[in-house]
There are 2 protein chains.
Amino acid sequence: MDVVLQRLSGRWTPHILWALANNGPTRFGELRRLMPGRVSAKSMSERLQILEADGLVDRRAEPTTPPEVTYSLTERGQDMDEILRAMHSVAERWEASQGPET
Amino acid sequence: MDVVLQRLSGRWTPHILWALANNGPTRFGELRRLMPGRVSAKSMSERLQILEADGLVDRRAEPTTPPEVTYSLTERGQDMDEILRAMHSVAERWEASQGPET
DNA sequence: CAGAATCCCTTGCGATACTG
DNA sequence: CAGTATCGCAAGGGATTCTG
């Protein structure tokens with residue numbers, strides 16, 4: 001379980017996986033804009049590299065100018081969807097039946 | 001979703017909730033021993049206070065000497081079980097079909 | 001557009017020592 | 001037993017600046 005936790009660690013990691021799961025292959029900038037809140041390009045880039053190294057995300061760069069880099073979920077990355085959906089489910093339930101502050 | 005993520009944050013948080021879900025009310029020391037790896041008493045205590053403040057965990061202290069403090073899941077804490085089980089499920093699948101390094 | 005390079009700051013956590 | 005008090009460190013991430 002620790003290994004799963006570790007791969008999900010990082011402020012934006014779950015959001016990134018969630019966005020890719022729901023939007024399919026997405027470009028860097030767009031992915032960044034899909035995040036709820038401000039993410040620095042640095043954090044985004046770093047995290048995506050880690051996710052790629054972890055085998056959860058696939059990176060495909062078109063060698064054009066300007067560059068067009070698209071990220072997508074690997075099979076292993078899609079495994080996470082089960083967890084993300086559970087989170088989303090809980091989140092919606094909490095939001096619905098009362099507005100849990102903070 | 002962010003609120004759920006935030007409540008699950010912390011190195012030991014998911015493990016704590018998971019342990020409480022599977023073992024029922026558990027005393028401080030025992031809970032600490034159930035963690036996979038070394039946890040300082042400080043971290044454990046801090047995190048439990050946060051979990052209590054977040055309304056996920058209930059703390060019941062028997063005013064004896066030596067003290068006997070028991071932690072358990074609140075209803076809201078049990079909501080997390082859905083997520084934890086998903087994590088556990090993925091963890092087992094990964095562990096079974098190959099030994100994902102790291 | 002998609003980063004890489006710096007700089008800096010906050011947070012989380014462990015180790016250790018102490019207490020009612 | 002179940003904490004609290006201190007100290008110190010490393011990781012994560014934001015802001016900013018620069019580039020092919």
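Everything numeric in this text was worked out from a predicted model, so none of it was measured. Residue numbers start from 1 in every chain, and the chains themselves are labelled A, B, ... in the order their sequence lines are given, proteins ahead of strands.
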> Is there a side-chain contact between A/Gln49 and the phosphate of C/dA4, meaning an N or O under 4.0 Å from OP1 or OP2?
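Yes.
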> Between B/Arg47 and C/dC13, is there a side-chain N or O to OP1/OP2 distance below 4.0 Å?
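The answer is yes; a side-chain N or O of B/Arg47 sits under 4.0 Å from OP1 or OP2.
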> Can you name the closest pair of heavy atoms from B/Tyr71 and B/Leu20 and give their distance?
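That would be O-CD2, 3.4 Å.
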> Please give, in whole Å, the distance from D/dG12 C1' to B/Leu5 CG?
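My rounded result for the distance is 15 Å.
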> What is the distance from NZ of A/Lys42 to P of D/dA11, rounded to the nearest Å?
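Taking NZ of A/Lys42 and P of D/dA11, I get 13 Å after rounding.
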> Taking for each residue the nucleotide of DNA chain C with the nearest heavy atom, is it B/Val39 or A/Glu68 whose nucleotide lies nearer the 5' end?
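Nearest-nucleotide comparison on DNA chain C picks A/Glu68.
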> Can you tell me how far C1' of D/dG12 sits from CE of A/Met44, to the nearest Å?
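So the CE-C1' distance, A/Met44 to D/dG12, works out to 15 Å.
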> Which part of the nucleic acid, if any, lies within reach of B/Arg32 when heavy atoms closer than 4.0 Å are counted: base, sugar-phosphate only, or nothing?
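No contact at all - B/Arg32 keeps every heavy atom at 4.0 Å or more from the nucleic acid.
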> In whole angstrom, give the distance that lies between atom CE of B/Met35 and atom C1' of C/dG14.
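After rounding, the gap between these two atoms is 16 Å.
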> Would you mind reading off the distance between A/Arg60 atom CZ and C/dA2 atom P, rounded to a whole angstrom?
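Atom CZ in A/Arg60 sits about 13 Å away from atom P in C/dA2.
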> Over how many whole Å does the gap from A/Leu31 atom CG to C/dC1 atom C1' extend?
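Taking CG of A/Leu31 and C1' of C/dC1, I get 14 Å after rounding.
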> With DNA chain D as reference, determine whether B/Arg33 or B/Ser45 sits nearer its 5' end, using the nearest nucleotide of each.
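The 5'-side residue here is B/Arg33.
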> With respect to the side chain of B/Ala41, which nucleotide from C/dA2, D/dG3, D/dC7 is positioned closest?
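Comparing C/dA2, D/dG3, D/dC7 against the side chain of B/Ala41, the answer is D/dG3.
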> Given D/dG14, C/dG20, D/dG3, identify the nucleotide with an atom nearest to the side chain of B/Pro67.
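Within the option list, the nearest is C/dG20.
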> Between atom CD in B/Glu62 and atom C1' in D/dA2, what is the gap in whole Å?
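Interatomic distance, CD of B/Glu62 to C1' of D/dA2: 14 Å.
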> Report the distance from atom CD of A/Glu46 to atom P of D/dA10, rounded to the nearest whole Å.
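In whole Å, D/dA10 P lies 18 Å from A/Glu46 CD.
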> Could you check whether any side-chain N or O of B/Ser97 sits under 3.5 Å from a backbone N or O of B/Arg93, counting only pairs where one atom can act as donor and the other as acceptor?
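Flag set: sc B/Ser97 to bb B/Arg93 pair under 3.5 Å.
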> Does B/Arg11 have a side-chain nitrogen or oxygen under 4.0 Å from the phosphate oxygens OP1 or OP2 of D/dA10?
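No, because none of the side-chain N or O atoms of B/Arg11 sits under 4.0 Å from OP1 or OP2 of D/dA10.
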> Start at the 5' end of DNA chain D and walk down; is the nucleotide closest to B/Glu30 or to A/Pro66 reached first?
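Per heavy-atom nearest nucleotide, the more 5' residue is B/Glu30.
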> Has B/Arg32 got a side-chain atom pairing as donor or acceptor with B/Val39's backbone, closer than 3.5 angstrom?
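Here the side-chain-to-backbone pair exists.
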> Is it true that a side-chain atom of B/Thr74 and a backbone atom of B/Gly55 form a donor plus acceptor pair closer than 3.5 Å?
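Checking the backbone N and O of B/Gly55 against the side chain of B/Thr74, a donor-acceptor pair under 3.5 Å is found.
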> OP1 or OP2 of C/dT16 versus the side-chain N and O atoms of B/Arg38: is any pair under 4.0 Å?
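So the side chain of B/Arg38 is outside the cut-off, no N or O lying under 4.0 Å from OP1 or OP2 of C/dT16.
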> Is there a side-chain contact between B/Ser43 and the phosphate of C/dC13, meaning an N or O under 4.0 Å from OP1 or OP2?
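For B/Ser43, the contact criterion (side-chain N or O under 4.0 Å from OP1 or OP2 of C/dC13) is not met.
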> Are OP1 or OP2 of D/dC1 and a side-chain N or O of B/Arg27 less than 4.0 angstrom apart?
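Checking D/dC1 against B/Arg27, no side-chain N or O comes under 4.0 Å of OP1 or OP2.
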> Output yes when a side-chain donor or acceptor of A/Thr13 lies under 3.5 Å from a complementary backbone atom of A/Ser9, and no otherwise.
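Yes.
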